Visitor: 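Below is a structure I'd like to ask you about.
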Amino acid sequence: MNEYRGFFNICRRSLQLENVLQTGQAFRWVLDSESGWYTNTLKLYPLTPEFQIIRLKQNDSKLEYHLESSIKLESREIHNWIKQYFRMEVDVEKLCEEQWLPNDSTFKGKNLRGVRVLQQEPWETLISFICSSNNNIPRISQMCQKLSSHYGNLLNKHEFSNYYSFPTSEELCDRASVESLRSLGFGYRARYIIETAKLLVQQKKIVGIINDTEYFQYISNLYKNDYLQIREHLMGYSGVGPKVADCVCLMGFHMDDIVPIDVHIGRVAKRDYKFVASKKELAILRDTYSTMKLTKKKINYELELIRLMFKELWGPYAGWAEGILFFREISTPTTLAPISKESKKKRLFADTLYDPKNALKEPNRRQNKYIKTEV
DNA sequence: ACTAGACCTGGCGTC
DNA sequence: CAAGCCAGGTCTAGG
(Lines give C-alpha, C1' and ligand atoms only; values in the text may rest on other atoms or scores of the structure.)
Protein backbone atom coordinates (compact mmCIF):
# COMPACT_ATOMS: atom_id res chain seq x y z
CA MET A 1 0.00 0.00 0.00
CA ASN A 2 1.17 3.48 -0.87
CA GLU A 3 0.00 6.39 1.21
CA TYR A 4 -0.32 9.98 0.18
CA ARG A 5 -1.32 13.00 2.20
CA GLY A 6 -1.94 16.57 1.28
CA PHE A 7 -4.23 19.52 1.81
CA PHE A 8 -5.88 22.51 0.21
CA ASN A 9 -6.30 25.93 1.72
CA ILE A 10 -10.03 26.36 1.41
CA CYS A 11 -12.62 27.84 3.72
CA ARG A 12 -16.06 26.53 4.57
CA ARG A 13 -17.71 29.27 2.55
CA SER A 14 -16.27 27.70 -0.58
CA LEU A 15 -16.59 24.08 0.43
CA GLN A 16 -18.59 22.50 3.21
CA LEU A 17 -17.98 18.75 3.09
CA GLU A 18 -21.20 17.67 4.75
CA ASN A 19 -23.22 19.81 2.34
CA VAL A 20 -21.49 18.28 -0.65
CA LEU A 21 -20.93 14.66 0.35
CA GLN A 22 -24.14 13.95 2.24
CA THR A 23 -26.86 15.77 0.34
CA GLY A 24 -27.67 13.44 -2.50
CA GLN A 25 -24.90 13.90 -5.07
CA ALA A 26 -22.56 11.15 -3.97
CA PHE A 27 -23.84 8.27 -1.92
CA ARG A 28 -20.90 6.25 -0.62
CA TRP A 29 -19.02 8.73 1.55
CA VAL A 30 -19.05 7.56 5.15
CA LEU A 31 -18.36 9.89 8.06
CA ASP A 32 -16.58 8.66 11.11
CA SER A 33 -17.85 11.14 13.65
CA GLU A 34 -15.18 10.27 16.20
CA SER A 35 -12.37 11.44 13.97
CA GLY A 36 -14.25 13.66 11.52
CA TRP A 37 -12.85 11.82 8.50
CA TYR A 38 -15.00 10.98 5.50
CA THR A 39 -14.01 7.79 3.70
CA ASN A 40 -14.90 6.47 0.26
CA THR A 41 -13.41 4.42 -2.54
CA LEU A 42 -12.98 6.21 -5.84
CA LYS A 43 -11.63 5.48 -9.27
CA LEU A 44 -8.96 8.12 -9.84
CA TYR A 45 -9.45 7.99 -13.55
CA PRO A 46 -7.42 8.57 -15.66
CA LEU A 47 -4.57 8.14 -13.17
CA THR A 48 -5.59 4.55 -12.56
CA PRO A 49 -8.52 2.35 -13.58
CA GLU A 50 -8.56 0.79 -10.10
CA PHE A 51 -10.44 2.08 -7.07
CA GLN A 52 -8.45 3.60 -4.21
CA ILE A 53 -9.38 4.47 -0.64
CA ILE A 54 -9.74 8.19 -0.05
CA ARG A 55 -10.25 10.08 3.19
CA LEU A 56 -11.17 13.71 3.63
CA LYS A 57 -11.41 16.02 6.59
CA GLN A 58 -11.72 19.74 6.88
CA ASN A 59 -11.38 22.51 9.41
CA ASP A 60 -12.11 26.21 9.01
CA SER A 61 -9.23 26.84 6.66
CA LYS A 62 -8.07 23.53 5.24
CA LEU A 63 -9.23 20.43 3.43
CA GLU A 64 -6.98 17.49 4.23
CA TYR A 65 -6.85 14.34 2.19
CA HIS A 66 -5.36 10.93 2.61
CA LEU A 67 -5.07 8.38 -0.16
CA GLU A 68 -4.37 4.70 0.24
CA SER A 69 -3.34 3.41 -3.13
CA SER A 70 -2.53 -0.03 -4.49
CA ILE A 71 -0.11 1.49 -6.96
CA LYS A 72 2.48 4.25 -7.04
CA LEU A 73 1.17 7.64 -8.08
CA GLU A 74 2.50 11.16 -8.42
CA SER A 75 1.56 13.38 -5.48
CA ARG A 76 0.98 16.27 -7.83
CA GLU A 77 -1.43 14.22 -9.93
CA ILE A 78 -3.43 13.10 -6.92
CA HIS A 79 -3.64 16.69 -5.77
CA ASN A 80 -4.95 17.80 -9.14
CA TRP A 81 -7.38 14.93 -9.31
CA ILE A 82 -9.00 15.94 -6.03
CA LYS A 83 -9.02 19.53 -7.16
CA GLN A 84 -10.95 18.42 -10.20
CA TYR A 85 -13.32 16.20 -8.21
CA PHE A 86 -14.42 19.26 -6.25
CA ARG A 87 -14.21 21.54 -9.29
CA MET A 88 -12.14 23.95 -7.26
CA GLU A 89 -11.51 26.15 -10.27
CA VAL A 90 -15.14 27.27 -10.07
CA ASP A 91 -15.60 30.35 -7.91
CA VAL A 92 -19.15 29.95 -6.64
CA GLU A 93 -19.26 33.23 -4.76
CA LYS A 94 -18.18 35.12 -7.82
CA LEU A 95 -20.76 33.29 -9.91
CA CYS A 96 -23.44 34.22 -7.45
CA GLU A 97 -22.37 37.83 -7.38
CA GLU A 98 -21.89 38.38 -11.10
CA GLN A 99 -24.06 35.82 -12.81
CA TRP A 100 -27.02 34.85 -10.63
CA LEU A 101 -27.71 37.81 -8.39
CA PRO A 102 -28.14 40.43 -11.16
CA ASN A 103 -30.90 38.33 -12.75
CA ASP A 104 -32.39 36.61 -9.76
CA SER A 105 -33.04 38.33 -6.45
CA THR A 106 -33.65 35.05 -4.63
CA PHE A 107 -29.87 34.80 -4.35
CA LYS A 108 -29.72 38.08 -2.45
CA GLY A 109 -27.99 37.72 0.87
CA LYS A 110 -27.98 34.01 0.48
CA ASN A 111 -25.50 31.86 2.30
CA LEU A 112 -24.13 29.51 -0.33
CA ARG A 113 -23.25 27.06 2.43
CA GLY A 114 -20.22 25.66 0.67
CA VAL A 115 -22.36 23.69 -1.75
CA ARG A 116 -20.56 22.57 -4.90
CA VAL A 117 -21.26 20.20 -7.77
CA LEU A 118 -18.88 17.25 -7.82
CA GLN A 119 -17.31 15.84 -10.95
CA GLN A 120 -18.06 12.15 -10.65
CA GLU A 121 -17.52 8.94 -12.54
CA PRO A 122 -20.38 8.47 -15.06
CA TRP A 123 -21.07 4.76 -14.55
CA GLU A 124 -21.41 4.93 -10.79
CA THR A 125 -23.40 8.15 -11.16
CA LEU A 126 -25.77 6.45 -13.57
CA ILE A 127 -26.42 3.45 -11.31
CA SER A 128 -26.67 5.62 -8.19
CA PHE A 129 -29.34 7.80 -9.73
CA ILE A 130 -31.24 4.84 -11.10
CA CYS A 131 -31.48 3.87 -7.44
CA SER A 132 -32.70 7.35 -6.54
CA SER A 133 -36.11 7.08 -8.17
CA ASN A 134 -38.97 7.47 -5.72
CA ASN A 135 -36.51 6.94 -2.91
CA ASN A 136 -34.84 8.73 -0.02
CA ILE A 137 -31.18 9.56 0.49
CA PRO A 138 -30.47 7.18 3.39
CA ARG A 139 -31.79 4.24 1.45
CA ILE A 140 -30.07 5.28 -1.79
CA SER A 141 -26.81 5.44 0.17
CA GLN A 142 -27.47 2.06 1.67
CA MET A 143 -28.13 0.58 -1.75
CA CYS A 144 -24.94 2.01 -3.25
CA GLN A 145 -22.96 0.63 -0.32
CA LYS A 146 -24.55 -2.76 -0.86
CA LEU A 147 -23.61 -2.77 -4.53
CA SER A 148 -20.00 -2.26 -3.50
CA SER A 149 -19.87 -4.68 -0.61
CA HIS A 150 -21.71 -7.48 -2.42
CA TYR A 151 -20.50 -7.14 -5.98
CA GLY A 152 -17.36 -5.00 -5.85
CA ASN A 153 -13.80 -6.10 -5.07
CA LEU A 154 -12.29 -6.01 -1.61
CA LEU A 155 -9.59 -3.37 -1.62
CA ASN A 156 -8.43 -3.48 1.99
CA LYS A 157 -9.50 -4.54 5.44
CA HIS A 158 -9.40 -2.16 8.34
CA GLU A 159 -10.07 -2.64 11.98
CA PHE A 160 -13.83 -2.28 11.79
CA SER A 161 -14.64 -2.04 8.12
CA ASN A 162 -13.73 -3.41 4.74
CA TYR A 163 -13.43 -1.25 1.66
CA TYR A 164 -14.77 -2.31 -1.70
CA SER A 165 -14.73 -0.91 -5.19
CA PHE A 166 -17.96 0.00 -6.95
CA PRO A 167 -18.69 -2.88 -9.34
CA THR A 168 -18.10 -2.44 -13.07
CA SER A 169 -20.87 -3.30 -15.52
CA GLU A 170 -19.23 -6.69 -16.14
CA GLU A 171 -18.93 -7.42 -12.46
CA LEU A 172 -22.60 -6.64 -11.97
CA CYS A 173 -23.57 -8.87 -14.90
CA ASP A 174 -21.41 -11.73 -13.64
CA ARG A 175 -22.11 -11.51 -9.92
CA ALA A 176 -25.58 -10.00 -9.52
CA SER A 177 -29.07 -10.94 -10.66
CA VAL A 178 -32.52 -9.42 -10.40
CA GLU A 179 -33.33 -11.92 -7.66
CA SER A 180 -30.19 -11.28 -5.61
CA LEU A 181 -30.68 -7.53 -5.85
CA ARG A 182 -34.29 -7.84 -4.84
CA SER A 183 -33.35 -9.90 -1.83
CA LEU A 184 -30.93 -7.12 -0.87
CA GLY A 185 -33.85 -4.67 -0.86
CA PHE A 186 -33.48 -2.92 -4.21
CA GLY A 187 -37.16 -3.39 -5.02
CA TYR A 188 -38.26 -2.70 -8.58
CA ARG A 189 -34.92 -1.03 -9.33
CA ALA A 190 -33.26 -4.44 -9.38
CA ARG A 191 -34.44 -5.03 -12.92
CA TYR A 192 -33.32 -1.57 -14.08
CA ILE A 193 -29.82 -2.11 -12.73
CA ILE A 194 -29.35 -5.51 -14.31
CA GLU A 195 -30.78 -4.41 -17.65
CA THR A 196 -28.61 -1.31 -17.68
CA ALA A 197 -25.46 -3.29 -16.85
CA LYS A 198 -26.23 -5.83 -19.56
CA LEU A 199 -26.87 -3.19 -22.18
CA LEU A 200 -23.67 -1.36 -21.33
CA VAL A 201 -21.60 -4.54 -21.58
CA GLN A 202 -23.14 -5.12 -25.00
CA GLN A 203 -22.51 -1.58 -26.17
CA LYS A 204 -18.91 -1.65 -25.01
CA LYS A 205 -18.30 -4.89 -26.85
CA ILE A 206 -19.53 -3.37 -30.10
CA VAL A 207 -16.98 -0.55 -30.02
CA GLY A 208 -14.24 -2.60 -28.36
CA ILE A 209 -14.01 -0.75 -25.08
CA ILE A 210 -13.62 -2.51 -21.74
CA ASN A 211 -13.59 0.30 -19.21
CA ASP A 212 -16.96 1.88 -18.29
CA THR A 213 -15.48 5.33 -17.81
CA GLU A 214 -13.83 5.18 -21.20
CA TYR A 215 -17.04 4.11 -22.87
CA PHE A 216 -18.88 7.16 -21.60
CA GLN A 217 -15.96 9.30 -22.64
CA TYR A 218 -16.25 7.74 -26.07
CA ILE A 219 -19.97 8.58 -26.16
CA SER A 220 -19.23 12.15 -25.13
CA ASN A 221 -16.71 12.50 -27.96
CA LEU A 222 -18.93 10.73 -30.46
CA TYR A 223 -21.67 13.29 -29.92
CA LYS A 224 -19.19 16.14 -29.60
CA ASN A 225 -20.43 16.77 -26.09
CA ASP A 226 -23.89 17.62 -27.43
CA TYR A 227 -26.31 17.56 -24.52
CA LEU A 228 -29.48 16.55 -26.36
CA GLN A 229 -27.83 13.56 -28.01
CA ILE A 230 -26.05 12.41 -24.88
CA ARG A 231 -29.27 12.62 -22.92
CA GLU A 232 -31.01 10.68 -25.65
CA HIS A 233 -28.33 8.01 -25.36
CA LEU A 234 -28.60 7.88 -21.56
CA MET A 235 -32.37 7.49 -21.70
CA GLY A 236 -31.76 4.30 -23.65
CA TYR A 237 -30.92 2.61 -20.34
CA SER A 238 -33.63 0.99 -18.29
CA GLY A 239 -34.88 3.10 -15.41
CA VAL A 240 -33.37 6.27 -16.87
CA GLY A 241 -35.76 9.12 -17.54
CA PRO A 242 -35.02 12.83 -17.99
CA LYS A 243 -34.25 13.49 -14.32
CA VAL A 244 -31.70 10.69 -13.95
CA ALA A 245 -30.18 11.43 -17.36
CA ASP A 246 -29.77 15.09 -16.39
CA CYS A 247 -28.07 14.16 -13.13
CA VAL A 248 -25.58 12.08 -15.08
CA CYS A 249 -25.04 14.93 -17.54
CA LEU A 250 -24.45 17.43 -14.73
CA MET A 251 -22.25 15.36 -12.42
CA GLY A 252 -20.93 12.61 -14.67
CA PHE A 253 -20.33 14.68 -17.80
CA HIS A 254 -19.82 17.96 -15.91
CA MET A 255 -22.33 19.85 -18.03
CA ASP A 256 -22.60 22.74 -15.61
CA ASP A 257 -25.57 24.39 -17.30
CA ILE A 258 -27.89 21.39 -16.94
CA VAL A 259 -30.59 21.68 -14.29
CA PRO A 260 -32.16 18.35 -13.34
CA ILE A 261 -35.84 18.96 -12.65
CA ASP A 262 -37.34 17.03 -9.78
CA VAL A 263 -40.48 17.54 -7.71
CA HIS A 264 -38.74 20.04 -5.45
CA ILE A 265 -37.35 22.31 -8.11
CA GLY A 266 -40.58 21.99 -10.10
CA ARG A 267 -42.46 23.27 -7.09
CA VAL A 268 -39.97 26.11 -6.67
CA ALA A 269 -40.46 27.11 -10.32
CA LYS A 270 -44.20 27.48 -9.98
CA ARG A 271 -44.29 28.89 -6.50
CA ASP A 272 -41.32 31.28 -6.48
CA TYR A 273 -40.80 31.97 -10.17
CA LYS A 274 -44.46 31.96 -11.24
CA PHE A 275 -43.68 29.61 -14.06
CA VAL A 276 -46.43 28.96 -16.59
CA ALA A 277 -45.96 26.95 -19.77
CA SER A 278 -47.21 28.71 -22.88
CA LYS A 279 -48.82 26.75 -25.71
CA LYS A 280 -46.44 28.24 -28.20
CA GLU A 281 -43.29 27.26 -26.34
CA LEU A 282 -44.64 23.76 -25.86
CA ALA A 283 -45.29 23.47 -29.58
CA ILE A 284 -41.79 24.65 -30.47
CA LEU A 285 -40.31 22.13 -28.08
CA ARG A 286 -42.34 19.26 -29.52
CA ASP A 287 -41.12 20.19 -32.93
CA THR A 288 -37.51 20.38 -31.77
CA TYR A 289 -37.61 16.90 -30.27
CA SER A 290 -39.72 15.29 -32.98
CA THR A 291 -36.81 13.31 -34.39
CA MET A 292 -35.48 12.08 -31.04
CA LYS A 293 -37.18 8.82 -30.29
CA LEU A 294 -36.51 8.36 -26.59
CA THR A 295 -36.55 12.03 -25.69
CA LYS A 296 -39.95 12.33 -27.33
CA LYS A 297 -41.20 9.31 -25.46
CA LYS A 298 -39.84 10.06 -22.00
CA ILE A 299 -39.77 13.83 -21.70
CA ASN A 300 -42.36 15.85 -19.84
CA TYR A 301 -42.61 19.02 -21.88
CA GLU A 302 -43.70 21.23 -19.02
CA LEU A 303 -40.75 20.15 -16.86
CA GLU A 304 -38.48 20.58 -19.86
CA LEU A 305 -39.63 24.18 -20.20
CA ILE A 306 -38.87 24.72 -16.53
CA ARG A 307 -35.39 23.33 -17.12
CA LEU A 308 -34.89 25.74 -20.02
CA MET A 309 -36.18 28.68 -18.01
CA PHE A 310 -33.61 28.05 -15.29
CA LYS A 311 -30.86 27.50 -17.81
CA GLU A 312 -31.73 30.82 -19.41
CA LEU A 313 -32.00 32.62 -16.07
CA TRP A 314 -28.84 31.28 -14.43
CA GLY A 315 -26.56 30.77 -17.41
CA PRO A 316 -23.54 28.50 -17.90
CA TYR A 317 -23.47 27.25 -14.29
CA ALA A 318 -27.23 26.87 -13.92
CA GLY A 319 -26.79 23.37 -12.52
CA TRP A 320 -24.77 24.78 -9.65
CA ALA A 321 -27.39 27.40 -8.89
CA GLU A 322 -29.97 24.66 -8.75
CA GLY A 323 -27.82 22.67 -6.38
CA ILE A 324 -27.81 25.56 -3.96
CA LEU A 325 -31.53 26.21 -4.22
CA PHE A 326 -32.24 22.52 -3.90
CA PHE A 327 -30.15 22.27 -0.81
CA ARG A 328 -32.10 25.12 0.73
CA GLU A 329 -35.45 23.73 -0.35
CA ILE A 330 -35.05 20.32 1.23
CA SER A 331 -32.61 21.27 3.96
CA THR A 332 -33.87 18.74 6.42
CA PRO A 333 -31.23 16.85 8.34
CA THR A 334 -29.98 14.19 6.00
CA THR A 335 -28.42 10.95 7.00
CA LEU A 336 -25.88 8.88 5.21
CA ALA A 337 -25.92 5.15 4.95
CA PRO A 338 -25.42 2.81 7.74
CA ILE A 339 -23.50 3.76 10.83
CA SER A 340 -24.11 3.74 14.53
CA LYS A 341 -26.77 5.55 16.50
CA GLU A 342 -24.22 7.77 18.10
CA SER A 343 -22.63 8.97 14.91
CA LYS A 344 -26.09 9.64 13.53
CA LYS A 345 -26.83 11.88 16.44
CA LYS A 346 -23.66 13.84 15.94
CA ARG A 347 -24.32 14.26 12.28
CA LEU A 348 -27.74 15.70 12.93
CA PHE A 349 -26.14 18.15 15.25
CA ALA A 350 -23.56 19.07 12.67
CA ASP A 351 -26.25 19.72 10.09
CA THR A 352 -28.28 21.98 12.28
CA LEU A 353 -25.12 23.78 13.32
CA TYR A 354 -24.83 25.45 9.94
CA ASP A 355 -28.50 26.15 9.39
CA PRO A 356 -30.31 27.36 12.48
CA LYS A 357 -33.52 27.46 10.50
CA ASN A 358 -33.65 23.70 10.57
CA ALA A 359 -34.29 23.73 14.26
CA LEU A 360 -37.24 26.06 13.85
CA LYS A 361 -38.88 24.24 11.03
CA GLU A 362 -42.37 23.03 11.69
CA PRO A 363 -43.09 19.42 10.85
CA ASN A 364 -45.86 19.97 8.33
CA ARG A 365 -44.04 22.51 6.24
CA ARG A 366 -43.96 20.32 3.19
CA GLN A 367 -47.69 19.80 3.12
CA ASN A 368 -48.31 23.50 3.51
CA LYS A 369 -46.11 24.12 0.52
CA TYR A 370 -48.18 21.85 -1.61
CA ILE A 371 -51.26 23.68 -0.57
CA LYS A 372 -49.71 27.01 -1.37
CA THR A 373 -48.83 25.81 -4.84
CA GLU A 374 -52.44 25.01 -5.56
CA VAL A 375 -53.59 28.57 -4.90
C1' DA B 1 -49.90 12.67 -27.37
C1' DC B 2 -51.04 12.68 -22.61
C1' DT B 3 -52.46 11.12 -17.92
C1' DA B 4 -53.22 8.09 -14.06
C1' DG B 5 -51.53 4.30 -11.34
C1' DA B 6 -48.40 0.96 -10.03
C1' DC B 7 -44.02 0.05 -8.23
C1' DC B 8 -40.16 -2.09 -3.67
C1' DT B 9 -38.92 -0.59 0.82
C1' DG B 10 -38.42 1.52 5.35
C1' DG B 11 -39.30 5.32 8.33
C1' DC B 12 -42.38 8.38 10.33
C1' DG B 13 -46.40 11.05 11.99
C1' DT B 14 -51.31 10.34 12.73
C1' DC B 15 -55.43 8.02 13.93
C1' DC C 1 -51.11 -0.27 17.02
C1' DA C 2 -51.70 -0.47 12.20
C1' DA C 3 -52.99 1.44 7.74
C1' DG C 4 -51.18 5.29 5.15
C1' DC C 5 -48.13 8.69 3.35
C1' DC C 6 -43.75 9.93 1.58
C1' DA C 7 -39.12 9.72 -0.49
C1' DG C 8 -34.46 14.15 -5.71
C1' DG C 9 -38.94 9.01 -10.76
C1' DT C 10 -39.89 5.77 -14.40
C1' DC C 11 -42.78 2.66 -16.90
C1' DT C 12 -47.03 1.04 -18.74
C1' DA C 13 -51.56 0.77 -20.07
C1' DG C 14 -55.56 2.97 -21.52
C1' DG C 15 -58.94 6.73 -23.16
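Note on naming: letters A, B, ... go to the chains in the order of the sequence lines (proteins, then strands), and numbering restarts at 1 for each one. Worth knowing before you read on, the calculation uses all heavy atoms, side chains too, and leaves out hydrogens, waters and symmetry mates. Because the structure is predicted, anything quoted here is derived from the model rather than measured.
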Visitor: Return the value, rounded to whole Å, for the distance between atom CG of A/Asn136 and atom P of C/dG9.
Guide: 11 Å

Visitor: Between residues 178-200 of chain A and DNA chain B, which residues have a heavy-atom gap below 4.0 Å?
Guide: A/Arg182, A/Gly185, A/Gly187, A/Tyr188, A/Arg189

Visitor: Specify the residues of residues 235-249 of chain A, ordered by number, for which at least one heavy atom lies under 4.0 angstrom from an atom of DNA chain B.
Guide: none

Visitor: With respect to the side chain of A/Arg139, which nucleotide from B/dT9, B/dC2, C/dT10 is positioned closest?
Guide: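 Of all the options, the side chain of A/Arg139 is nearest to B/dT9.
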
Visitor: Could you measure between the two P atoms, the one in C/dA7 and the one in B/dT14, and give it in whole Å?
Guide: 15 Å

Visitor: Starting at the 5' end of DNA chain C, what dot-bracket string do you get if Watson-Crick and G-U pairs under 3.5 Å are bracketed, crossing pairs use [ ], other-strand pairs use | and unpaired bases use dots?
Guide: .|.||||.||||||.

Visitor: Aromatic ring centroids of A/Tyr164 and A/Tyr151 under 6.0 Å?
Guide: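 Distance test on ring centres: not under 6.0 Å, no.
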
Visitor: Are the charged groups of A/Lys57 and A/Glu34 less than 4.0 angstrom apart, N to O?
Guide: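 Looking at A/Lys57 and A/Glu34, the cut-off is not met.
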
Visitor: For A/Lys296, what residues pass the side chain to side chain contact (heavy atoms under 4.5 Å, CB included) criterion, not counting sequence neighbours?
Guide: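 A/Lys296: side chain to side chain contact (heavy atoms under 4.5 Å, CB included) contacts with A/Tyr301.
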
Visitor: With P as the reference atom in both, quote the distance from C/dC11 to B/dG10 in angstrom, rounded to an integer.
Guide: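 To the nearest whole Å, 23 Å.
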
Visitor: Tell me if the centroids of the rings in A/Phe129 and A/Phe27 come within less than 6.0 Å of each other.
Guide: yes

Visitor: Taking the cut-offs as 6.0 angstrom to the six-membered ring centre and 45 degrees off its axis, would you call A/Lys270 and A/Phe275 a cation-pi pair?
Guide: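 Judged by the rule (NZ or CZ under 6.0 Å from the ring centre, within 45° of its axis), A/Lys270 is not positioned above A/Phe275.
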
Visitor: Do A/Tyr4 and A/His66 have their ring centres less than 6.0 Å from each other?
Guide: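 When the ring centroids of A/Tyr4 and A/His66 are compared, they turn out to be at least 6.0 Å apart.
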
Visitor: Is any NZ, NE, NH1 or NH2 atom of the basic residue among A/Glu97 and A/Lys94 found under 4.0 Å from an Asp or Glu carboxylate oxygen of the other?
Guide: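 Here A/Glu97 does not pair with A/Lys94 in a salt bridge, since their nearest N and O are not under 4.0 Å apart.
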
Visitor: Checking A/Arg55 against A/Tyr163: charged group under 6.0 Å from the ring centre and within 45 degrees of the axis?
Guide: yes

Visitor: Do any of residues 292-322 of chain A sit with a heavy atom less than 4.0 Å from DNA chain C, and if so which?
Guide: A/Lys298, A/Glu322

Visitor: Using the P atom as the reference point in each nucleotide, state the distance between C/dG8 and B/dG13 in Å, no decimals.
Guide: 15 Å

Visitor: Is A/Glu50 paired with A/Lys43 through a side-chain N to carboxylate O contact shorter than 4.0 Å?
Guide: no

Visitor: Expressed as a whole number of angstroms, how long is the span from A/Asn134:CG to B/dA6:P?
Guide: 13 Å

Visitor: Name all pairs fulfilling the side chain to side chain donor-acceptor pair (under 3.5 Å) condition that reach into residues 183-193 of chain A, sequence neighbours left out, sorted by first residue then second.
Guide: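 As it turns out, the side chain to side chain donor-acceptor pair (under 3.5 Å) pairs with a partner in residues 183-193 of chain A, which skip direct neighbours, are A/Ser133-A/Tyr188, A/Arg191-A/Glu195.
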
